[in-house]
Structures are given as structure tokens and as C-alpha cells.
Amino acid sequence: MEEDRKESRERGGQTAHARKDWVGKHFGNLTVTAYDGKRGGKHYWRCQCSCGKEKIVCQSNLKNGHTRSCGCLSNPRDTRHFLEGTCIESIRSRKPPANNKSGVRGVYRNQKLERWTAQITFQGRTRYLGSFDSLEEAAQARERAEALFDDFLKKTGYM
């Protein structure tokens with residue numbers, strides 16, 4: 001009995017029976033082929049993707065559905081591209097985020113000042129553009145500052 005426990009600890013805390021139960025299971029495009037050990041308190045499994053590539057995946061990522069392929073399922077349109085500290089897709093979008101209440105990107109109501117505040121984030125730095133009495137003034141300040149985006153996109157060939 002003590003030998004079984006010792007052997008179990010040496011194999012990362014899982015018995016051979018528990019490890020065998022995962023082999024052959026399917027998670028999206030991945031099929032578990034072998035146990036790969038325990039590292040940092042997590043169990044890892046060697047998986048074969050339906051595209052033919054092999055990938056080692058954390059057990060919790062398999063269970064919760066976070067990892068479903070070797071990466072071949074990821075949509076390149078969902079991938080963010082950063083250049084000089086700036087997310088290209090973010091500055092191309094011009095669409096306000098879902099949590100924006102003003103309807104204008106980079107403009108929000110400062111409750112403390114009771115004024116509209118405009119800001120712009122570019123190349124990893126947020127720049128304060130000022131506070132204004134009206135939403136229109138703040139939107140104009142933001143629009144003028146977005147010329148940075150256009151120049152940057154032209155310079156980098158993304159426009």
C-alpha cells in the first residue's frame with residue numbers, strides 16, 4: 001500500500017488508473033495520447049490535434065474548454081497586432097467600447113469636475129487632452145488627436 005502511494009507521488013500525484021482514464025479522450029480537435037507529468041502543481045497531457053500537430057496542454061485548460069486545438073482553430077482576424085506599443089486593430093476600429101457612455105471613443109464624463117474629459121492612448125501612453133464644458137468640444141479635441149493614428153497607420157503601411 002505504501003509503495004503504491006510512493007509510486008503515485010512520483011508520477012505527479014495521479015495513479016496510473018487516473019492517467020489512463022484521460023488517454024483517448026477528445027477535447028475539441030485534441031485527443032489525449034499520454035500523461036506528460038506534473039509541473040507547478042498542474043497536470044499536463046500530451047495531445048494530438050486533428051491537423052496532425054502535437055501539443056502539451058494543462059489539464060484544467062482541457063477541462064474548461066480553453067484549449068481546443070494546437071492553435072490551428074484560432075482566427076487570425078481575432079489576433080491583435082502590436083507595433084511600437086500600439087494595437088493596430090484598436091486604432092483602426094474607431095468604434096467606442098461597449099462600456100463607453102458618451103458614444104465617443106476617449107471621451108468620458110468626469111463626475112468630480114462635472115465636465116467632459118478627452119484622452120487618447122497611443123504607443124503605450126495615455127495623453128490627457130483636456131476637460132470641456134460640452135461633449136461636442138471634447139469630441140472635437142479627440143478627433144484632432146486621432147490624426148496621430150492616421151499618420152502612424154500611413155507610416156506603417158496599415159492604411
Side-chain angles (χ1 to χ4, degrees), residues 12-14 18 22 25-159:
Q14 287 200 338
W22 280 75
K25 281 189 175 184
H26 298 278
F27 299 90
N29 286 13
L30 296 173
T31 304
V32 177
T33 57
Y35 182 67
D36 201 62
K38 185 174 182 179
R39 297 181 286 283
K42 296 182 179 186
H43 297 283
Y44 288 85
W45 296 90
R46 189 172 303 274
C47 300
Q48 185 77 33
C49 186
S50 61
C51 73
K53 291 184 183 174
E54 190 174 79
K55 181 170 180 78
I56 296 172
V57 184
C58 177
Q59 179 173 313
S60 59
N61 286 347
L62 289 171
K63 283 171 97 174
N64 67 23
H66 182 72
T67 306
R68 299 177 299 123
S69 73
C70 66
C72 63
L73 287 182
S74 64
N75 185 348
R77 295 172 75 178
D78 294 338
T79 305
R80 302 263 179 179
H81 298 90
F82 286 86
L83 190 62
E84 296 178 27
T86 299
C87 176
I88 301 300
E89 289 76 15
S90 179
I91 65 173
R92 281 167 119 185
S93 166
R94 311 286 177 154
K95 179 181 170 189
N99 64 349
N100 181 304
K101 294 178 183 170
S102 71
V104 181
R105 278 181 57 174
V107 175
Y108 65 94
R109 182 76 176 165
N110 185 323
Q111 299 300 326
K112 196 173 186 180
L113 298 175
E114 294 183 3
R115 293 170 58 93
W116 292 97
T117 301
Q119 64 184 29
I120 191 166
T121 302
F122 184 65
Q123 295 183 327
R125 293 184 57 210
T126 300
R127 293 165 173 94
Y128 174 75
L129 302 173
S131 64
F132 306 88
D133 291 324
S134 72
L135 173 61
E136 292 76 25
E137 290 175 306
Q140 288 172 356
R142 169 63 190 213
E143 192 175 321
R144 285 190 301 272
E146 284 184 1
L148 285 170
F149 292 165
D150 295 336
D151 294 343
F152 179 76
L153 291 171
K154 284 177 189 169
K155 181 182 93 174
T156 57
Y158 280 94
M159 188 173 198

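All values derive from a computational prediction rather than experimental measurement. Below, all heavy atoms of this structure are taken into account, side chains as well, without hydrogens, waters or symmetry copies. Numbers for residues simply follow the sequence, beginning at 1.
A cation-pi arrangement, defined by a distance under 6.0 Å to the six-membered ring centre and an angle within 45 degrees of its axis, is absent between Arg127 and Phe122.
For the side-chain contact (heavy atoms from CB on, under 4.5 Å) with Arg46, the qualifying choice from Ile56, Val57, Leu30, Val32 is Ile56, the only one to do so. The only option from Thr126, Val107, Leu129 that meets the side-chain contact (heavy atoms from CB on, under 4.5 Å) definition with Ile120 turns out to be Leu129.
Classified by interplanar angle (parallel below 30°, tilted 30° to 60°, perpendicular above 60°), the ring pair Trp45/Tyr35 is perpendicular.
Scanning both residues, Leu113 and Asn110, for their nearest heavy atoms gives N-OD1, 3.1 Å. Heavy atoms only, all atoms of each residue included: Cys72 and Cys49 are closest at SG-SG, 3.6 Å.
The aromatic ring centroids of Trp116 and Tyr108 lie 6.0 Å or more from each other.
Panel note: side chain Asn100, backbone Val104; a donor-acceptor pair is recorded below 3.5 Å.
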Before you tell me yes or no, could you show the steps for Gln59 and Trp22 under side chain to side chain contact (heavy atoms under 4.5 Å, CB included), namely the whole-Å CA-CA distance, both residues' side-chain angles and the distance that decides it to 0.1 Å? CA-CA 9 Å; Gln59 179 173 313; Trp22 280 75; 3.6 Å; yes

List the steps and the verdict of side chain to side chain contact (heavy atoms under 4.5 Å, CB included) for Cys47 and Thr67. CA-CA 11 Å; Cys47 300; Thr67 306; over 6 Å; no

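Rounding to the nearest 0.5 Å gives a distance of 11.0 Å between SG of Cys58 and NZ of Lys38. Here Lys112 contributes atom NZ and Thr117 contributes atom OG1; the two are 12.0 Å apart, rounded to the nearest 0.5 Å. A distance of 11.5 Å separates CD in Glu54 from OG1 in Thr31, rounded to the nearest 0.5 Å. To the nearest 0.5 Å, the span separating OH on Tyr44 from OG on Ser60 amounts to 7.5 Å. Atom CZ of Arg115 is separated from atom CD of Glu137 by 8.0 Å, given to the nearest 0.5 angstrom. Note that SG of Cys70 and NZ of Lys53 are 5.0 Å apart. Values are rounded to the nearest 0.5 Å.
Applying the 6.0 Å contact sphere to NZ of Lys25 captures more than 12 heavy atoms from other residues, nucleotides or ligands.
A donor atom on one side chain and an acceptor atom on the other are found under 3.5 Å apart for Asn29 and Ser50.
Contact annotation: the side chain of Gln119 never approaches that of Arg142 to less than 4.5 Å [non-hydrogen atoms, C-beta and beyond].
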